[in-house]
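Just so it is clear, the model here is predicted, and its values are computed rather than measured. Letters go in sequence order (proteins before strands), and every chain restarts at 1.
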There are 2 protein chains.
Amino acid sequence: MDQQRARRPRISDVASEAGVSKSTVSIAFNNPERLSPETTARIRAVADALGYRPHPVARMLAQRHTSTLGILTPQALVVAFANPFFSMFSQGVASVAEEFGYGLLFVSPLHGSLARAVTRASVDGFVAIGLSEDHREVEQIRQARLPIVLVDSAAFPEHGSITVDDEAGAFSAAEHLLDLGHRQFLVLAVEPPQPGSEDALAAPALDGVSSRRLRGYRRALEARGIVLGDERVAIDSPTFAGGAAALNRALDSGIEFTGVLAMSDVMAIGAIHAAEERGLKVPEDISLVGFDDIDEAEHTCPPLTTVRQPVREKGAEAARLLLAAVDRRDFEPPEHRRLGTQLITRESTTSIGPRVEEVTRPIEDKQGIGPAN
Amino acid sequence: MDQQRARRPRISDVASEAGVSKSTVSIAFNNPERLSPETTARIRAVADALGYRPHPVARMLAQRHTSTLGILTPQALVVAFANPFFSMFSQGVASVAEEFGYGLLFVSPLHGSLARAVTRASVDGFVAIGLSEDHREVEQIRQARLPIVLVDSAAFPEHGSITVDDEAGAFSAAEHLLDLGHRQFLVLAVEPPQPGSEDALAAPALDGVSSRRLRGYRRALEARGIVLGDERVAIDSPTFAGGAAALNRALDSGIEFTGVLAMSDVMAIGAIHAAEERGLKVPEDISLVGFDDIDEAEHTCPPLTTVRQPVREKGAEAARLLLAAVDRRDFEPPEHRRLGTQLITRESTTSIGPRVEEVTRPIEDKQGIGPAN
DNA sequence: CCGGTTTATTGAACCGGTTCAATTGGAGGA
DNA sequence: TCCTCCAATTGAACCGGTTCAATAAACCGG
């Protein structure tokens, strides 16, 4: 009994027990139609009796594919899974992975090195999310000689990519607030993922996504003659706490604003609560627009106005592109796809109301937002 | 160039290029200290030049372990990741997996069969969540001869397990509402995960978790002479929509209640919004207590009173138990651990206020909650 | 009864590494 | 000079399957 459990039965055990060759057993499991029904039945019976299961790793090695897709993230999984955005994205990837019978392996830095983790991962390809554009990571990953699809970065034309029109989305968010009469703004920017501990260099300004969104905000504001000073861009982690902290810092610094442009819903939600804790009402005192449109955005208090990006679809498309690249081992040029965004107006934004006169007085206006301020 | 890219270099390429044996190359990568520094350096250089990386699958096969943990769920990943509870749990597992250099593979039913998926998964062990107690799945998984830790079920003493004192948690939730004067209740129960398509049988009443919580609610109510009829238990999926639907059905059916006991925060949040859409105020008209204490619970409107269970810790402990079982290949008895819960009082519950007199009139009371009603 | 197919099965090579006992060469001691 | 010992390196077996060309047996019409 214990001996039985001690060693996992292998294909040769089944073969000898059933009086056939290894090959035949293998065929019985993979191409039963090639065998006589009786043989297949007998082999199956023996296999069941022995409790035999083909060893997945051995099978992978022989077949040269793993039926597994990797989701690559530069953040620790602990922080990634804390972000509803990431979960949503994973849903998208998972939906098509499951449809095609692929498993999902999450790959995050191993002892601070993404490259090392990539080396250890047995997958047929990677969907990479959150990799900063310039990153050598991509370079190193290439060594794995596996197909990879970059999400939110098209910096590597030789790999497939899925992007979202961040700039246009941000533009529409800012314009929405402008249309409501706001003239004094604060941007809540998401901190790029911390570089692995091996990268000694200080965090670069902002990653691709953030800088594209910032550009969108700025373009909209500048179109109405408003310059967004750097002191009005508060950077923090894309968490409830990060959003709260960023808002609090801005409030403490004495900057005046009525419109908050958050680069992530999670930060926006955190900011709402920070604001209310300080006695500011949303949207009466502060209007706030998020980004992403995560499921929770509809259930906050007040429900969040936000820029919807098709997060699940992004994941699904990335997976589709990846599977296509996995299938054709040839070298067709990779695909690049860009998805759109949509402003969802809920209740966290309102026209500036009582302060409208104040704002429309050109001088105060200028004071409030001048670049030197 | 293209030929180079066409075939991935293998260890023998490096060996012959460096003028050493395969073994030496292997050692250079795994036990460099056993080699002379010069040899190691030369081999490393050649390997870099060729772009060689040890093939992860081959390595797994030879070493007989994968450095990967599996998270097993009977639900499709698409639905699992839609549940913040699941993400939180995954965080816990991920935190210890990462700490010990393990990757995370999510395993969900393959073509409707969990057993099939398990067979294909190359992992060193499984953390299983959401498996209904009686399930044959566990039986089948055992065939994989891999260690497994069951979460929320201790029905298999031969496997490790982590449970939470669901009954006590539910008890405290109900008692909280009772203390606030409520006498008419509605329970929002989470639907057990749909059985795989292979299981033809209709969904069983409730899974282990749900029935334990229900028992807790009932015990608390009965201690005050209140019987909870089945018509007061609305079952639906653990989603925002499920919670909303369940509440709406109850409202439509004409059942009267002032206290809602939800078995999941997500359902509770959905229910809050359904209630408010029908013009009912929370907590003035309906008091509502959730279960889990997901991150969002603090940010809903109103903030949710709920039973906190240590979800992350649950995941982390499960992973620890699993790693322990993976390490010792021997047959020490598996560990079983049970974690506690804690009532977190926020603002979705309040004393029944104006209706107190009404409730305290014994006759009406009886009418409202009698088992025949 | 024979050559030509077709069908069921098999042997050997291979996937790409790791492991460990055995070998080699040189340094140190007697 | 010879022997011992140690450090560096290697050969062969192994991990547990899949694959494909080759074989053997059965079948068929002529």
Heavy-atom pair with the smallest gap, counting every atom of B:A128 and B:I148: CB-CD1, 4.1 Å
Can B:R120 be said to sit on top of A:Y102's aromatic six-ring, NZ or CZ under 6.0 Å from centre and within 45° of the ring axis? no
Would you indicate what B:T24 reaches in the nucleic acid, counting non-hydrogen atoms under 4.0 angstrom: base, sugar-phosphate, or nothing? base
Using a 4.0 Å heavy-atom cut-off, does B:S26 contact any base of the nucleic acid, only the sugar-phosphate backbone, or nothing at all? base
Note: B:R44 and B:A28 closest approach over all heavy atoms is NH2-O, 3.3 Å
Go through the steps to decide whether B:V57 and A:V57 satisfy the test side-chain contact (heavy atoms from CB on, under 4.5 Å), and finish with yes or no. CA-CA 6 Å; B:V57 177; A:V57 177; 3.9 Å; yes
Could you check A:I27 against B:V57 and say which one's nearest nucleotide on DNA chain C is further toward the 5' end? A:I27
Span of DNA chain D, from the first to the last nucleotide whose atoms fall under 4.0 Å of chain A heavy atoms: D:dG16 to D:dT19
Taking for each residue the nucleotide of DNA chain D with the nearest heavy atom, is it A:Y52 or B:K22 whose nucleotide lies nearer the 5' end? B:K22
Using the closest heavy atom to pick a nucleotide of DNA chain D for each, name whichever of B:R42 or B:Q63 lands nearer the 5' end. B:R42
Angle between the end axes of the helix from C:dC1-D:dG30 to C:dA30-D:dT1, five pairs per end, to the nearest 10 degrees? 50°
With sugar-phosphate meaning primed atoms plus P, OP1 and OP2, does B:F29 contact a base, only sugar-phosphate, or nothing at under 4.0 Å between heavy atoms? nothing
For A:T39, answer base if it contacts any base atom (sugar-phosphate contacts may also be present), sugar-phosphate if it contacts only those atoms, and nothing otherwise; contact means non-hydrogen atoms under 4.0 Å. sugar-phosphate
Geometric class of the A:F106/A:F81 ring pair [parallel <30°, tilted 30-60°, perpendicular >60°]: tilted
Identify the two heavy atoms, one from B:P54 and one from B:R59, that lie closest to each other, and give their separation to 0.1 Å. CG-NH2, 3.4 Å
Minimum heavy-atom distance B:V107-B:L114, with the two atoms named: O-CD2, 4.2 Å
Sequence neighbours excluded, which residues qualify as salt bridge (Lys or Arg N to Asp or Glu O under 4.0 Å) partners of B:E158? B:R142
